[in-house]
Amino acid sequence: MRAEAQNIVEDIRKSLTLLAQRMDYDTAEHRLEEFNAMTEDPDLWNDPDRAQKLMRERQALVDAMDTYKSISQDLQDNIDLIELGEMEEDDEVVKEAETALKALKEKAAQKELEALLDGEADGNDTFLEINAGAGGTESCDWASMLARMYVRWAEKHGYKVELQSENPGEEAGIRSATYKISGHNAYGWLKSESGVHRLVRISPYDSAARRHTSFCSVWVYPVVDDNIEIEVKPSDIRIDTYRSSGAGGQHVNTTDSAVRITHMPTGIVVTSSEISQHQNRDIAMKALKSRLYQLELDKRSAEINAQHEAKGEAGWGNQIRSYVLQPYQMVKDLRTGVETSDTSGVLDGALDPFMAATLAMDVAGKTRAEAQAED
């Protein structure tokens, strides 16, 4: 086997080793038998919440086992094909198997990263909140560009996107917007996007065509599961209704239907501006519980808490990623060093390399390469 193919095989084996460690493969069959025994209990569905949680856990284990077995089998099949092709001096067979190995390497690396999404809320749906920083129209336009970027990313991954609230800018763009993004591991993937995002470009709103720097903050927090108890005392909140306003058209609301809830102990404010006031109360309360739950997660994790505090104001010194459109093309993540000159691709939702690098780095504070080097 050629050296390049051998290196690919070793990379796949390292990914398999980490997958096996992540799900404790040695005990997986036994745990699956226990799950199967519990699902056969006729009294299981007397408690629907417990039953659904058990079924989710069982399915997650089955999926992890199937993934491991599938990659292992594909790896062995392609190794066998290469050996056969070399024995028969069939270069075409060897090349096909080597091409398949390269694709398998990418699949194994992706599954390895997904296996790292085992945090308490990683599998949940998520809220994504975007706020324009100082800078007026420039920052509002940048906020709308970020909103489009995340919507495109979510759509490409098959996630459902719902606009929860939007506050338009005076001349262009948006001052703020909140989206609910629903799908498996939505929070786990997007959580690394919390922070300040910096844009450098020639302003389309400057008649002198000068270069401008704009900032926006992004905050990602999980949608609270029904199984998670978050108590909100009526005495701790203030609910205000108001007339939603905007630039016209779809933003105009003719009734005082928008709802703002202020949680006085923490200062958290959430809003919703759908048509129905009753619907808005429900959406805003769920968003508030999610924010409070995120605060609790922050308390449990010093690293997450430090990252949240470091986000600070949307301005110099606090950014996690820079998007430079002039005088050159470059998007660079300041935490991991990952960068690309494909700025249009990134702004069209190509965020996976940035998310993957941050996710891998966050596991025990190590990069994926460092984690693999220990095996």
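Residues take their numbers from the sequence shown, with the count starting at 1.
For the pair Ser272 and Asn280, the tightest heavy-atom approach, listed with the atom from each and the gap, is OG-OD1, 3.0 Å. Between Ala115 and Leu19, the closest heavy-atom pair is CB-CD2, 3.7 Å. Residues Ile174 and Ser144 share a closest heavy-atom pair of CG1-N, 3.7 Å. Of all the heavy atoms in Ala284 and Val259, the pair that sits closest is CB-CG1, 4.4 Å. Minimum heavy-atom separation, Ala143 to Ala132: CB-CB, 4.2 Å. Closest approach of Tyr187 and Pro222 over heavy atoms only: CE1-CD, 3.4 Å.
Judged by distance alone, the side chain of Asp125 and the main-chain N or O of Gly183 form a donor-acceptor pair under 3.5 Å. Panel note: side chain Glu86, backbone Met1; a donor-acceptor pair is recorded below 3.5 Å. Side-chain atoms of Lys180 do not come within 3.5 Å of backbone N or O of Ile283 as any donor-acceptor pair. Looking at Thr262, its side chain never comes within 3.5 Å of a backbone N or O of Met264 through a donor-acceptor pair. In terms of modelled atom types and a separation under 3.5 Å, the side chain of Ser194 and the main chain of Val220 share a donor-acceptor contact. With hydrogens and angles ignored, the 3.5 Å screen pairs a side-chain donor or acceptor of Arg31 with a backbone N or O of Asp24. With Ser139 contributing its side chain and Gly136 its backbone, the two residues share no donor-acceptor pair below 3.5 Å. Proximity of a side-chain donor or acceptor of Asp333 to a complementary backbone N or O of Phe354 within less than 3.5 Å is not detected. In this structure a side-chain-to-backbone donor-acceptor pair under 3.5 Å is present from Asp342 to Gly345. Checked by atom type and distance alone, the side chain of Ser192 never pairs as donor or acceptor with a backbone atom of Leu359 at under 3.5 Å.
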Residue pair Leu84, Asp90: steps toward the side-chain contact (heavy atoms from CB on, under 4.5 Å) verdict: CA-CA 8 Å; Leu84 179 63; Asp90 190 334; over 6 Å; no
Any chance you could lay out the side-chain contact (heavy atoms from CB on, under 4.5 Å) test for Met355 and Leu190, step after step, and finish with the verdict? CA-CA 7 Å; Met355 293 179 180; Leu190 281 165; 3.6 Å; yes
Gln319/Leu334 under side-chain contact (heavy atoms from CB on, under 4.5 Å): CA gap, chis, key distance, verdict: CA-CA 8 Å; Gln319 61 266 22; Leu334 305 180; 3.4 Å; yes
Checking His212 against Trp142 for the side-chain contact (heavy atoms from CB on, under 4.5 Å) test, could you report, in this order, the C-alpha distance in whole Å, the side-chain angles of both residues, the deciding distance, and whether it holds? CA-CA 11 Å; His212 285 247; Trp142 175 219; over 6 Å; no
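Note: the hydrophobic cluster containing Ile79 also contains Leu16 (ILVMFWY, side chain heavy atoms under 4.5 Å, direct or indirect links). Phe35 is connected to Leu44 through a chain of hydrophobic side-chain contacts under 4.5 Å among Ile, Leu, Val, Met, Phe, Trp and Tyr, so both are in one cluster. In the hydrophobic clustering of ILVMFWY residues, with side-chain heavy atoms under 4.5 Å counting as a link, Val232 and Ile268 come out together. Hydrophobic clustering (ILVMFWY, side-chain heavy atoms < 4.5 Å, transitive): Leu128 and Leu347 are in one cluster. Clustering ILVMFWY residues whenever any of their side-chain heavy atoms sit less than 4.5 angstrom apart, transitively, puts Val346 in a cluster other than the one holding Val324.
Between Asp122 and Lys191, at least one side-chain N (NZ, or NE/NH1/NH2) sits under 4.0 Å from a carboxylate O, which counts as a salt bridge. Salt-bridge annotation for Arg291 and Glu129: present, with a side-chain N of the basic residue lying under 4.0 Å from a carboxylate O of the acidic one. Ion pair Arg175/Glu166 not flagged as a salt bridge, since none of the NZ, NE, NH1 or NH2 atoms sits closer than 4.0 Å to an Asp/Glu carboxylate oxygen.
The shortest distance between side-chain heavy atoms of Val331 and Glu339 does not fall below 4.5 Å. Annotation: side chain of Thr137 is not in contact with side chain of Glu170 (no heavy-atom distance under 4.5 Å). Using a 4.5 Å heavy-atom cutoff, the side chains of Thr178 and Ser165 are in contact. Side-chain contact between Met285 and Leu288: present, with at least one pair of heavy atoms (C-beta onward) separated by less than 4.5 Å. Contact annotation: the side chain of Phe215 never approaches that of His197 to less than 4.5 Å [non-hydrogen atoms, C-beta and beyond]. The side-chain heavy atoms of Glu162 and Tyr179, taken from C-beta on, include no pair separated by under 4.5 Å. Met145 is listed as a side-chain neighbour of Arg201, based on a closest heavy-atom distance under 4.5 Å. Between His157 and Asp352, some side-chain heavy-atom pair lies under the 4.5 Å cut-off.
Side-chain atoms of Ser341 and Gln329 form no donor-acceptor pair, as typed in the model, at a separation below 3.5 Å. Glu106 and Gln110 share no side-chain donor-acceptor pair at under 3.5 Å. In this model, a donor atom of one side chain and an acceptor atom of the other lie less than 3.5 Å apart for Ser322 and Arg198. Residues Arg321 and Tyr323 bring a donor and an acceptor atom of their side chains to less than 3.5 Å of each other. Asn36 and Thr39 form no side-chain donor-acceptor contact under 3.5 Å, judged by distance and modelled atom types alone. If you check the side chains of His30 and Thr27, you find no donor sitting under 3.5 Å from an acceptor.
Rounding to the nearest 0.5 Å places CZ of Arg50 at 9.5 Å from CG of Asp43. Interatomic distance, Leu104 CG to Asp11 CG, rounded to the nearest 0.5 Å: 11.0 Å. Here Asp141 contributes atom CG and Leu146 contributes atom CG; the two are 10.0 Å apart, rounded to the nearest 0.5 Å. Going from atom CD1 of Ile71 over to atom NZ of Lys105 covers 13.5 Å, rounded to the nearest 0.5 Å. Atom CG in Leu199 sits 10.0 Å away from atom OG1 in Thr343 (nearest 0.5 Å). The distance from atom OG of Ser15 to atom NZ of Lys111, rounded to the nearest 0.5 Å, is 12.5 Å.
Annotation: Trp153 is in aromatic contact with Tyr159 [ring centroid separation under 6.0 Å]. Checked against a 6.0 Å centroid threshold, the rings of Trp219 and Tyr221 count as neighbours.
Residue Glu4 qualifies as open at atom CD: its count of foreign heavy atoms under 6.0 Å is 12 or below. Glu171 CD: 12 or fewer foreign heavy atoms inside a 6.0 Å radius.
Residue pairs meeting the side-chain hydrogen bond (donor to acceptor under 3.5 Å, both in side chains) criterion with at least one member in residues 67-77, sequence neighbours excluded: Glu29-Lys69, Gln73-Asp77, Gln76-Asp80.
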Please list, one pair per line, the donor and acceptor atoms closer than 3.5 Å that link side chains of residues 91-98 to other protein atoms, with sequence neighbours excluded.
unit_1: Glu98; atom_1: OE1; unit_2: Arg2; atom_2: NH2; d: 2.4
unit_1: Glu98; atom_1: OE2; unit_2: Arg2; atom_2: NE; d: 3.1
unit_1: Glu98; atom_1: OE2; unit_2: Arg2; atom_2: NH2; d: 3.2

